[in-house]
Amino acid sequence: MTDDLAARLHSLGYRLTPQRQFVLQAVEKLGHATPDEILAEVQSQSSAVNVSTVYRTLEVLEELGLVRHTHLSDRAPTYHSVGDHEHFHLVCRNCHRVVSVDPDVVGPLAERLRAEHGFVLDVGHLAVFGQCLECEEIEDPDA
């Protein structure tokens, strides 16, 4: 991965720095993480990284197609590695659990949006909010 990352960075006029490696490794390790969570993970490896470096690095890594972001709450975007499978997110508004779902589940919706509206759905940025069954059962124990 390091050689591939170095080549992709170089093709865009960037070089592979330890900070960029740390940020990508943190994203891959954490799965879904905000820039602040990524910063905390990176700083456990190297104190030479600050929050602005993390944000700039995430922008570069997203431009390279190595990470993606989505908004899983009203706070900062959440990043995940594209090395993981393509997916969208189900977010419980009550317990905040996030479930990754295969994009085939929204295939019929994506096809209909394209046919009827000329719109191509970007599944990787999709987050569907609702309530998980566990939280629903807590709210309505007679259900």
Side-chain angles (χ1 to χ4, degrees), residues 1-45 49-143:
M1 177 64 155
T2 303
D3 290 339
D4 182 44
L5 177 58
R8 291 174 85 174
L9 284 166
H10 184 68
S11 72
L12 290 173
Y14 298 99
R15 61 187 182 86
L16 180 59
T17 64
Q19 293 86 352
R20 289 182 178 136
Q21 281 185 283
F22 287 141
V23 169
L24 184 58
Q25 289 168 349
V27 170
E28 290 173 345
K29 177 181 177 183
L30 296 172
H32 293 90
T34 64
D36 287 340
E37 292 165 337
I38 294 165
L39 176 63
E41 177 64 27
V42 169
Q43 286 182 334
S44 72
Q45 309 263 333
V49 178
N50 61 37
V51 71
S52 62
T53 300
V54 169
Y55 274 100
R56 283 192 313 271
T57 301
L58 288 168
E59 286 178 18
V60 169
L61 294 175
E62 191 160 26
E63 181 180 334
L64 291 169
L66 297 170
V67 301
R68 298 201 66 187
H69 82 276
T70 192
H71 295 273
L72 301 180
S73 69
D74 57 355
R75 44 185 208 137
T78 301
Y79 289 83
H80 61 274
S81 171
V82 298
D84 193 10
H85 67 286
E86 180 74 31
H87 61 275
F88 70 97
H89 308 90
L90 301 179
V91 183
C92 179
R93 289 195 186 274
N94 189 45
C95 69
H96 308 289
R97 185 173 74 173
V98 177
V99 177
S100 298
V101 180
D102 191 274
D104 291 344
V105 172
V106 294
L109 171 63
E111 289 172 22
R112 188 167 176 183
L113 289 172
R114 184 181 189 109
E116 292 181 16
H117 302 282
F119 186 81
V120 178
L121 184 62
D122 182 357
V123 176
H125 284 273
L126 183 62
V128 178
F129 293 83
Q131 194 169 35
C132 68
L133 285 178
E134 290 84 7
C135 290
E136 183 181 56
E137 290 172 0
I138 291 169
E139 282 189 11
D140 187 9
D142 295 327

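Everything numeric in this text was worked out from a predicted model, so none of it was measured.
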Pairwise side-chain contact, Pro108 with Arg112, heavy-atom cut-off 4.5 Å (strictly under):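 Side chain of Pro108 against side chain of Arg112, heavy atoms only: no contact under 4.5 Å found.
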Do you know which two heavy atoms are closest between [X] and [Y], and how far apart they sit?
{"X": "Cys132", "Y": "Cys92", "value": "N-SG, 3.4 Å"}
{"X": "Pro35", "Y": "Val54", "value": "O-CG1, 3.8 Å"}
{"X": "Ser44", "Y": "Glu41", "value": "OG-O, 2.5 Å"}
{"X": "Ser81", "Y": "Val27", "value": "N-CG1, 3.5 Å"}
{"X": "Ala33", "Y": "Thr78", "value": "N-CG2, 3.3 Å"}
{"X": "Ser100", "Y": "His89", "value": "OG-CD2, 4.3 Å"}

Check for a donor-acceptor pair, side chain of [X] on one end and backbone N or O of [Y] on the other, with a separation under 3.5 Å.
{"X": "Gln131", "Y": "Arg93", "result": "no"}
{"X": "Asp104", "Y": "Gly107", "result": "no"}
{"X": "Arg20", "Y": "Arg15", "result": "yes"}

Interatomic spacing from [atom1] in [X] to [atom2] in [Y] - rounded to 0.5 Å:
{"X": "Phe129", "Y": "His71", "atom1": "CZ", "atom2": "NE2", "result": "9.5 Å"}
{"X": "Leu30", "Y": "Glu37", "atom1": "CG", "atom2": "CD", "result": "7.0 Å"}
{"X": "Glu136", "Y": "Asn94", "atom1": "CD", "atom2": "CG", "result": "11.0 Å"}
{"X": "Ile38", "Y": "Tyr55", "atom1": "CD1", "atom2": "OH", "result": "9.0 Å"}
{"X": "Glu28", "Y": "Leu66", "atom1": "CD", "atom2": "CG", "result": "8.0 Å"}
{"X": "His10", "Y": "Leu16", "atom1": "NE2", "atom2": "CG", "result": "12.0 Å"}

We want to know whether Asp36 and Thr34 form a side-chain donor-acceptor pair, criterion being a heavy-atom distance below 3.5 angstrom.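 Distance-only check fails for Asp36 and Thr34.
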Check the orientation of His80 and His32. Use parallel for under 30°, tilted for 30 to 60°, and perpendicular for over 60°.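 Because their plane-to-plane angle lies in the 30° to 60° range, the rings of His80 and His32 count as tilted.
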Could you walk me through whether Leu113 and Leu109 pass side chain to side chain contact (heavy atoms under 4.5 Å, CB included), step by step? CA-CA 6 Å; Leu113 289 172; Leu109 171 63; 4.0 Å; yes
I would like to know whether Val105 and Phe88 meet side chain to side chain contact (heavy atoms under 4.5 Å, CB included); could you show each step before the answer? CA-CA 9 Å; Val105 172; Phe88 70 97; 4.1 Å; yes
Evaluation steps, side chain to side chain contact (heavy atoms under 4.5 Å, CB included), between Leu61 and Val23: CA-CA 9 Å; Leu61 294 175; Val23 169; 3.9 Å; yes
